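Encoded as structure tokens, the structure appears first; notes follow it.
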Amino acid sequence: MSEIRTILGFLESRCEKYIHNSNKNNQEIFELMVETILSQRTRDENSSKAADLLFSVARTPKQISELPVKKLQGLIRISGPYRQKTKRIKQASKIILDKYKGKVPSKREELMEIPGIGYKTADIILMYGFNIPSIAVDTHVNTVSKRIGLADRKDDVEEVKEKLEKMFPMNKWYLINLGYVMFGKEVCKPIKPLCIKSAKNCPFSGFCKAYKTKSFEV
Ligand code: SF4
């Protein structure tokens, strides 16, 4: 499919330099997990600040499990629904400590049994933590896929994920989340995609369904 080739070519040209397949150690994967929970329903800059504050005090599953609730709440307050996130991070740390002897599991089913870890967080941990091919469908991946016409507007995120997994070769899955998030922030913006000003602003305007129909709502 020539559209898929065009999309992959664009993503490769934009993302290759950001990809590093270095193997992360368990501590780094655990921190990635905590950061991803903190990033839920908040802006990137807020979750980064919360993660920095938290990791300046506690970093390991044991340290975070032992942190008093009020203290943890105070450290991550900036990350939006901090009470709920405190509960989830505490529970997740405890489960990793007790059930998995401090090691973050690398199976999607096991990850998704941990409080605070849904499909998207699990896929992010698999892809960026363990280098296991996976497509994390966040708001940008969802919007861009539906606008271009790779998924139907009525599809839920699992359906979007399944369709993307069938369309793109597995050895390129690592490009999708990273590439679409960048593309969604810079070009296919949630409110005003840049193609509204000019088709030349987007390399996909020649085949994008939303552009053709001038219907950008997802
Ligand atoms: S043409 Fe517009 S709506 Fe379609 S992918 Fe590009 S920016 Fe998004």
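Please read these numbers as outputs of a predicted model, since none were measured by experiment. When a ligand or atom number is given, it counts from 1 through the structure's own listing order.
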Step-by-step ring-ring contact (aromatic ring centres under 6.0 Å, His included) determination, F10 to F183: CA-CA 10 Å; F10 174 79; F183 181 69; 5.5 Å; yes
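Both V137 and I124 are assigned to one and the same hydrophobic cluster, defined by single-linkage of ILVMFWY side chains at heavy-atom distances under 4.5 Å.
A side-chain donor-acceptor contact under 3.5 Å links N142 and K146.
Closer than 2.8 Å to atom 4 (Fe) of ligand 1 sit the protein N, O or S atoms C208 SG.
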Got a list of side-chain donor-acceptor pairs under 3.5 Å for residues 70-80, not counting sequence neighbours?
unit_1, atom_1, unit_2, atom_2, d
R77, NH1, Y82, OH, 3.4
R77, NH2, Y82, OH, 3.2
S79, OG, I76, O, 2.7

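Salt bridge present: D44 and K185 bring a charged side-chain N and a carboxylate O closer than 4.0 Å.
One N or O on the side chain of R153 and one on the backbone of E217 form a donor-acceptor pair closer than 3.5 Å.
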